[in-house]
Participant: 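Here you go, one structure.
FYI, the numbering just counts along the sequence from 1.
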Amino acid sequence: MYKKIFIKTFGCQMNEYDTNRIYDSVKKIGYQKTNDQNSTDCYVLNTCHIRDKAKEKVYDEVGRVKKLYRNKNKPLMIVAGCVAQAENQEMLKREPFIDAIIGPQSYHKFNDILKNYVPKEKQEETQFDTITKFEYFDEIKNKSNKVSAFLTIQEGCDKFCHFCVVPYTRGPEYSRPFEQIIKEAEELIKNGAKEITLLGQNVNAYSYKKNLKEFRISDLIHHLNKHNELERIRYTTSHPKDMTDDLIECYSSCKKLMPFVHLPIQSGSDKILKLMNRKHTVEDYLNIYNKLKKINQQIEFSSDFIIGYPGETEKEFNETLDLLKKIKFINSFSFIFSPRPGTKAAKLEMINKEITKERLIIIQKKLFNNQIELNQSMKNSLIEVLVENKLKNQNKYFGRNKYLSSVIFNGDEKKIGKLIKVKIEECNQNSLFGKIEKNNMRAA
Ligand code: SAM
Ligand code: SF4
Ligand code: F3S
């Protein structure tokens, strides 16, 4: 008789990837994934520490689970991910309902936690042991059977932007061996992946050295581009400083690399970028933009912005607005600065909350307008879509265009995993709506 495990995942795509790898791993010891959080033997929260009251949110979540199981046998409660790494023992002391905590670089020990579970005995695994983690996962097949699959190639960060917890929660930069990644990519493709997104906290810092040769993310892209069964390649999240010419060149020679670059800039002010310890200027960013646009005019940019960083006056905020006039960012994110415990920026004087909120509204409105404009421009046109799945409880299908925008359309089961053309009829900020064209030849 197998046992059940339920994992609730927060945060970035890397957490999503980790969750799936944990599901793959626990099968070895008789655990199976369940979607029913009300009746599980093991309940895992895979947490994110990047913003807001991350820690308090985890305690609220644990409180919610506690209520679910008030009149039932308690499941083994595990807190995993970046909050577990940052808070470690504190969580076990504060909330007795939690049985174990495990940091993101210790997932090779996940099965041991399950096997060693003794009620009332607490377990903690928060070492940075990335090499062993990936060696361990290399032995376990990646069972993802998604059309669009994630593949972590790099973990951690050495850049230490003053606002960010990632270097503390994920540890130092580590790049997986080239062959290990290719092997996993082959598995994913064999299981039906048509799109692979290479993942890393600093994905374009990927650097693996063997026999005096350095392998970069560009080498991985070139390799995957040759694979007949694969249709699309993406990567995220990248840093402007690592946007090297070999990667930029891929946009010319690798047709499967999507013309959509998510490249966070954070601010349009050099003063703020310096205060953030970003290690790049606005000019550096514009140079990358111009180089890529020269290669292919169709390339669109997406970014992350932090609003209200300590030291941001009206002048610096206006510089960010000026940047928005130069680059028409799409599919972008903007966040109010959130002081994170242990980071340098946490000690700086915060700027007025009301002013920050006003600035966020202004920037979000501009980003929203860009998105609406782009989506409107696609109305009545045929766009290429990779069909991912059927929507739950609806006779509609879901896919994405080259810019990662969601497309919802009337389709049929046979189109899943295929590149098709959809005629766009309607749109809102988040999605495009349309129908499959009768003549469904692959779009050029
Ligand atoms: N490595 C990427 C880069 O260099 O830009 C970013 C990865 S981070 C996980 C994702 C985004 O979270 C960042 O681009 C930043 O905009 C946002 N972020 C990180 N720390 C933040 C903080 N303390 N307050 C607000 N937003 C934050
Ligand atoms: Fe965080 Fe990205 Fe800066 Fe690293 S480079 S510290 S992940 S924002
Ligand atoms: Fe969050 Fe950790 Fe990802 S802090 S954004 S889950 S690396």
Participant: Between Thr34 and Asp36, do the side chains contain a donor N or O and an acceptor N or O under 3.5 Å apart?
Facilitator: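 No, Thr34 and Asp36 have no side-chain donor paired with an acceptor closer than 3.5 Å.
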Participant: Aromatic ring centroids of Phe160 and Tyr168 under 6.0 Å?
Facilitator: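 Under 6.0 Å, so yes.
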Participant: Is there a donor-acceptor pair closer than 3.5 Å between any side-chain N or O of Asp284 and the backbone N or O of Lys241?
Facilitator: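 Between the backbone of Lys241 and the side chain of Asp284 there is no qualifying donor-acceptor contact (under 3.5 Å).
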Participant: State whether Lys328 and Glu373 are salt-bridged, where the test is any N-O pair (Lys NZ or Arg NE/NH1/NH2 against Asp/Glu carboxylate O) under 4.0 Å.
Facilitator: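 Answer for the salt bridge query: yes.
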Participant: With Lys396 as the cation and Phe398 as the aromatic partner, state whether NZ or CZ is under 6.0 Å from the six-membered ring centre and within 45° of the axis.
Facilitator: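 Cation-pi check for Lys396 and Phe398: fails.
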Participant: With rounding to the nearest 0.5 Å, note down the distance linking NE2 in His49 to SG in Cys82.
Facilitator: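 Here the rounded value is 8.5 Å.
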Participant: Would you confirm whether Gln201, through its side chain, and Gly156, through its main-chain N or O, come within 3.5 Å as a donor-acceptor pair?
Facilitator: yes
Participant: Does the side chain of Thr19 pick up a donor-acceptor pair with the side chain of Asn46 at under 3.5 Å?
Facilitator: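 Yes, Asn46 and Thr19 have a side-chain donor paired with an acceptor closer than 3.5 Å.
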Participant: Do Asp246 and Thr244 pass the side chain to side chain donor-acceptor pair (under 3.5 Å) test, and can you show the C-alpha distance, the side-chain angles, and the key distance before you say yes or no?
Facilitator: CA-CA 6 Å; Asp246 55 320; Thr244 46; 2.5 Å; yes
Participant: Using the test salt bridge (Lys or Arg N to Asp or Glu O under 4.0 Å), find all partners of Lys255 that sit at least two apart in sequence or belong to another chain.
Facilitator: none
Participant: Whether the Tyr397 and Glu413 side chains hold a donor-acceptor pair (N or O, under 3.5 Å, no angle test) is what I'd like checked.
Facilitator: yes
Participant: Indicate yes or no: at least one non-hydrogen side-chain atom of Gln297 is less than 4.5 angstrom from one of Lys293.
Facilitator: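 Counting from C-beta outward, Gln297 and Lys293 do come under 4.5 Å.
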Participant: Look only at the side chain of Glu312 and the backbone of Gly308, and say whether a donor-acceptor pair between them is shorter than 3.5 Å.
Facilitator: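 It does hold such a pair.
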Participant: Does the pair Glu187/Lys190 count as a salt bridge with the N-to-O cut at 4.0 Å?
Facilitator: no
Participant: Backbone N or O of Lys159 within a donor-acceptor pair of the Lys279 side chain at under 3.5 Å?
Facilitator: yes
Participant: Before you tell me yes or no, could you show the steps for Phe128 and Gln85 under side chain to side chain contact (heavy atoms under 4.5 Å, CB included), namely the whole-Å CA-CA distance, both residues' side-chain angles and the distance that decides it to 0.1 Å?
Facilitator: CA-CA 9 Å; Phe128 287 129; Gln85 186 67 45; 3.8 Å; yes
Participant: Counting N and O atoms only, with roles assigned by atom type, does the side chain of Lys4 sit under 3.5 Å from a partner on the main chain of Ser39, one being a donor and the other an acceptor?
Facilitator: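 Yes; at least one donor-acceptor contact below 3.5 Å.
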Participant: Who pairs with Glu135 by salt bridge (Lys or Arg N to Asp or Glu O under 4.0 Å), at least two apart in sequence or on another chain?
Facilitator: none
Participant: Please report the shortest heavy-atom distance between Leu323 and Val282, naming the atom on each side.
Facilitator: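 Minimum heavy-atom contact is CD1-CG1, 4.0 Å.
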Participant: Would you check if there is a donor-acceptor pair between the side chains of Thr9 and Glu16 at a distance under 3.5 Å?
Facilitator: no
Participant: So, Lys256 and Glu195, do they make that salt bridge, N to O below 4.0 Å?
Facilitator: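 Between Glu195 and Lys256 there is no salt bridge, as every charged N stays at least 4.0 Å from the carboxylate O atoms.
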Participant: Just by modelled atom types, is the Arg170 backbone N or O under 3.5 Å from a matching donor or acceptor in the Gln105 side chain?
Facilitator: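 Indeed, once roles are kept as given, a pair shorter than 3.5 Å links the two residues.
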Participant: Ser303 side chain to Ile265 main-chain N or O, any donor-acceptor pair under 3.5 Å?
Facilitator: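 Here the side-chain-to-backbone pair exists.
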Participant: Between atom SG of Cys427 and atom CG of Asn375, what is the distance when rounded to the nearest 0.5 Å?
Facilitator: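 That separation rounds to 5.0 Å.
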Participant: Knowing that exactly one of Glu316, His280, Glu319 qualifies, which makes a side-chain contact (heavy atoms from CB on, under 4.5 Å) with Leu273?
Facilitator: His280
Participant: For Arg340 versus Phe163, what's the shortest heavy-atom pair and its separation?
Facilitator: CG-O, 3.5 Å
Participant: Any idea which heavy atoms bring Lys402 and Phe260 closest together, and the distance?
Facilitator: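 Closest approach of Lys402 to Phe260: O-CB, 3.6 Å.
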Participant: Would you call the rings of Phe333 and Phe335 parallel, tilted or perpendicular if under 30° counts as parallel and over 60° as perpendicular?
Facilitator: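 Correct class here is parallel.
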Participant: Between Arg64 and Glu61 (salt bridge meaning N to carboxylate O under 4.0 Å), is one present in this structure?
Facilitator: yes
Participant: Would you mind checking if Glu388 and Lys194 are paired as a salt bridge, meaning a charged N to carboxylate O distance below 4.0 Å?
Facilitator: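 No, this pair does not count.
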Participant: Less than 4.0 Å between a side-chain N and a carboxylate O, is that true for Arg21 and Asp18?
Facilitator: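 Salt bridge: no.
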Participant: When the aromatic ring centroids of Phe305 and Phe329 are compared, is their separation below 6.0 Å?
Facilitator: yes
Participant: Please check this pair: side chain of Tyr107 against backbone of Gly81, looking for a donor-acceptor N/O pair closer than 3.5 Å.
Facilitator: yes
Participant: With side chain to side chain donor-acceptor pair (under 3.5 Å) as the test, would you mind laying out the steps for Asn331 and Gln371 before giving the verdict?
Facilitator: CA-CA 7 Å; Asn331 281 334; Gln371 197 61 42; 3.2 Å; yes
Participant: Treating Asp219 as the side-chain partner and Arg216 as the backbone partner, does any N or O pair qualify as donor plus acceptor under 3.5 Å?
Facilitator: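 Confirmed, Asp219 side chain pairs with Arg216 backbone.
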Participant: Are the side chain of Ser238 and the backbone of His262 linked by a donor-acceptor contact shorter than 3.5 Å?
Facilitator: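 Between the backbone of His262 and the side chain of Ser238 there is a qualifying donor-acceptor contact (under 3.5 Å).
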Participant: Which residues pass the salt bridge (Lys or Arg N to Asp or Glu O under 4.0 Å) test with Asp60, not counting sequence neighbours?
Facilitator: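 With neighbours one apart ignored, the set is empty.
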Participant: What's the verdict on side chain to side chain contact (heavy atoms under 4.5 Å, CB included) for Asp304 and Gln266, showing C-alpha distance, side-chain angles and the deciding distance?
Facilitator: CA-CA 5 Å; Asp304 293 346; Gln266 317 299 353; 3.9 Å; yes
